[in-house]
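Proteins come first, then strands; the chains are lettered A, B, ... in the order of their sequence lines, and each starts at number 1. Since the model is a prediction, treat every value here as computed from it, not as a measurement.
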Amino acid sequence: MSTAAEQKEKLAQKIETALREAVACGELPLDSVPKVELEIPRDKDHGDFASNIAMVLAKPAKMPPRSVAALIVKRLDDPMFERVEVAGPGFINFKLSREWLFDLLGRIHRQQEAYGDNDVGQGEKVLLEFVSANPVGPMNVVNARAAAIGDTLARLMRAAGYDVATEYYVNDAGKQADIFGRSLEARYRQLQGEEVVFPADGYPGKYVQALAEKLQNEEADIDAMDEQRRQEFFRQWGTDAMLEMQRRDLADYGVVFDRWFRESELHKQGSLEEIIELFKGRGYMYEDDGALWFRSTQFGDDKDRVIIKQDGSYTYVTADIAYHYDKLKRGHEKLIDILGPDHHGYIGRMKAAVEALGYGRDALEVMILQYVALLRDGQQVKMSKRAGEFITMQDLLDEVGRDAARFFFLMRSPESHLDFDLTLAAEQSNENPVFYIQYAHARICSMLRQAHDAGIPMPDSSAVALDALQHGEELDLIRKMAEFPEEVAAAAWYREPHRLARYGLDFAGLFHSFYTHCRVLGEEREVQDARLVLVGAVQIVLRRVLGLLGVGAPESM
RNA sequence: GCGCCUGUAGCUCAGGGGAUAGAGCAUCGGACUUCUAAUCCGAGUGCCGCAGGUUCGAUUCCUGCCAGGCGCGCCA
């Protein structure tokens, strides 16, 4: 037996064979046979698969499309399909036989939550970097969006046969970390009763004050430190504390990284010097205006980039190049960075860097997320980082909950600018679509609990006469499950997690409809058994969908 | 000025070289003595931003324009 995706591939090959035969017989005047593509029609009246090949070939063959289609159809005779027909302007529609669909149920029960796994990734070693918020403040809602999308993408890609590692890059060495350290020190000293002017460019947020208070209660002989040592202390202690907070918030959100990579490590290891020497040796560097430049325009960037500033310090680009070099040297074949919209200008320079390092431009893939506009009572929530007023990721989770927040982000395509209505998400949480899917799962659990209590076990799918399943609702559910592995593969391949959220909604809808129209418990034995097998399979697939989304699968609601 | 993203139903958004362009919300009308009504069934709405081009076929691809969001640092 096979999944729908494999079935589709086989069918495409059979069509190609049929075409070659027709050409050999002289019935079809063609020089070559193109690759046959199959689609899953939107309208289920058009079958499970459809091919437009006859219309593509009509012109080169100088024949009406329906005639070309007829030549193909008469050469196809496959028991997997109960109907193959020419339709519309020349489509060939294929309808899977019920036997094939019934076999799928057994397959799902055997595979359990491995159903959906596939191999489009072919073991490619991928490093997925996302969120990477600076450790100088709380995470924002775009970070929350990135976390949901990155985490589910990682789950999807693992299911699709990629070898995925996730990483959070910590900018703990730059100017912003210094400013943050000085802000913290100023607050700390103020608490000690000293008259200290808060740095003009410092971070005004209340969280800095809170950190300073926490620091007061810790054992640290700050007064004994010299100037340099003290600055280092505040920066280190502060970013450590922020990092710990971020790690905890993300874990509450269901997002756990394989590795937190600190920029300061790169500096300690001399990684920046290493790439500078490398680029110098390859002639990609030049000096101008007292600074050292990387000739990135040589690799398609808009302008060259400063690597060492006039004052002798490095720019963030330098560390980023070193970081990407480090990722590549660790054996990751594909680097995926998920970034906010303010970083789109970053793509050109980093691709240039990757190329200069001796890798293909395509080794780096950058996904740019768009902004999230928060609405409350229909009004856009104005945020000011300067004034220290903004909705943090944690505020968002407190207000709408983890499942709703994740799902809301995952429903939208990554590049859409999205409106997040807090009032709606919080007050009308009953109507949040995520509950629609969870409710389907809870309904099944409740039903199976009652079956169990009544001494009705889950029947062995191979021992049940599944042709008791005859209703459209029943067969639609199975067809939808047949599409699942391909859906996982597509979502991973195109890096579009929202496909999964949509699939979940559609699938849950089919189940609710089935539930309303077809009773399970108390039906005559054959029907009850067959439907239990069906419902059991639906439960498995729902669990998998929710698991990939990182959303809970409640057993009751 | 240059770059990225967006423009589809009243609202929020999917879709996508093909067959009557979809969902949720909102509006209206039905369905609970039976496995959870957080559910189901039914009803309507669209110059798919505008104009050209490619194609057997464009809402989808290309170009230009218009509108909105965001970038364009020796900040990250």
Next on the checklist: For A:His512 and A:Tyr436, I'd like to know if the aromatic rings sit close, meaning centre-to-centre distance below 6.0 Å.
Outcome noted: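 Yes, the ring centres sit under 6.0 Å apart.
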
Next on the checklist: Could you check, using the six-membered ring where one of them is a Trp, whether A:Phe484 and A:Phe507 have ring centers closer than 6.0 angstrom?
Outcome noted: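 No, too far apart.
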
Counting heavy atoms from C-beta on, name the nucleotide in [options] closest to the side chain of [X].
X	options	answer
A:Ala291	B:rC70, B:rC74, B:rC56	B:rC74
A:His417	B:rU6, B:rG71, B:rU39	B:rU6
A:Ser446	B:rA19, B:rG15, B:rC35	B:rC35
A:Leu521	B:rA76, B:rG3, B:rC35	B:rC35
A:His46	B:rA19, B:rC5, B:rC70	B:rA19
A:Asn134	B:rC13, B:rA19, B:rA76	B:rA76
A:Lys303	B:rA38, B:rA76, B:rG73	B:rG73
A:Tyr371	B:rU39, B:rU6, B:rC70	B:rC70
A:Glu263	B:rA76, B:rC5, B:rA19	B:rA76
A:Val520	B:rC74, B:rU20, B:rC35	B:rC35

Check: [N] base within 3.5 Å donor-acceptor of [X] side chain:
X	N	answer
A:His343	B:rA76	yes
A:Asn93	B:rA19	yes
A:His512	B:rC40	no
A:Asp289	B:rC74	yes

Within the structure, does a side-chain N or O atom of [X] lie under 4.0 Å from either OP1 or OP2 of [N]?
X	N	value
A:Ser416	B:rA14	yes
A:Ser513	B:rC41	yes
A:Lys309	B:rC75	yes
A:Arg443	B:rA37	yes
A:Tyr436	B:rC25	no
A:Ser413	B:rA14	yes

Nucleotide [N], atom [atom2] - distance to [atom1] of [X] in whole Å:
X	N	atom1	atom2	result
A:Ile307	B:rG73	CD1	P	16 Å
A:Phe130	B:rA76	CZ	C1'	19 Å
A:Tyr503	B:rG24	OH	C1'	19 Å
A:Asp301	B:rC2	CG	C1'	13 Å
A:Met447	B:rU39	CE	C1'	13 Å
A:His517	B:rU34	NE2	C1'	15 Å

Checklist entry - Is the ring of A:Phe91 stacked on the base of B:rA19, with centres less than 5.5 Å apart and planes under 30° off? => result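 Yes; centroid distance and tilt both under limits.
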
Donor-acceptor side-chain pairing of [X] and [Y] below 3.5 angstrom:
X	Y	value
A:Tyr323	A:Glu167	yes
A:Ser513	A:Thr516	no
A:Asn171	A:Gln176	no

Same-atom distance ([atom1]) from [N] to [M], integer angstrom:
N	M	atom1	result
B:rA58	B:rU27	P	39 Å
B:rC48	B:rG7	C1'	10 Å
B:rC40	B:rA21	C1'	25 Å
B:rG68	B:rU8	P	14 Å
B:rC50	B:rA67	C1'	11 Å
B:rC62	B:rC5	P	11 Å
B:rG10	B:rG30	P	26 Å
B:rU45	B:rA26	C1'	13 Å

Item to check | Which residue lies more 5' along RNA chain B, comparing A:Pro341 with A:Asp419 via nearest heavy atoms | outcome: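 Nearer the 5' end of the strand: A:Asp419.
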
Item to check | 5′-ward residue of the pair A:Pro89/A:Arg412 relative to RNA chain B | outcome: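 Here A:Arg412 is the residue nearer the 5' end.
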
Counting Watson-Crick and G-U wobble pairs only, both distances under 3.5 Å, name the nucleotide matched with [N], or none.
N	result
B:rC25	B:rG10
B:rC72	B:rG1
B:rC40	B:rG30
B:rU54	none
B:rC65	B:rG49

Item to check | Residues, nucleotides or ligands: over 12 heavy atoms within 6.0 Å of A:Trp260 CH2 | outcome: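 Check passes, neighbour count above 12.
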
Checklist entry - A:Phe511 ring centre to A:Arg443 NZ or CZ under 6.0 Å, with the angle to the axis within 45°? => result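 Judged by the rule, A:Arg443 and A:Phe511 form no cation-pi pair.
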
Checklist entry - When we call it a touch if two heavy atoms are under 4.0 Å apart, what does A:Arg531 touch: a base, just sugar-phosphate, or nothing? => result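 Touches nothing.
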
Next on the checklist: Please evaluate residues A:His343 and A:Asp337 with respect to the criterion side-chain hydrogen bond (donor to acceptor under 3.5 Å, both in side chains), reporting the C-alpha separation (whole Å), side-chain torsions for both, the decisive distance (0.1 Å), and the verdict.
Outcome noted: CA-CA 11 Å; A:His343 285 69; A:Asp337 293 359; over 6 Å; no

Item to check | Whether A:Tyr503 side chain and A:Lys480 backbone form a donor-acceptor pair below 3.5 Å | outcome: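 Here the side-chain-to-backbone pair exists.
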
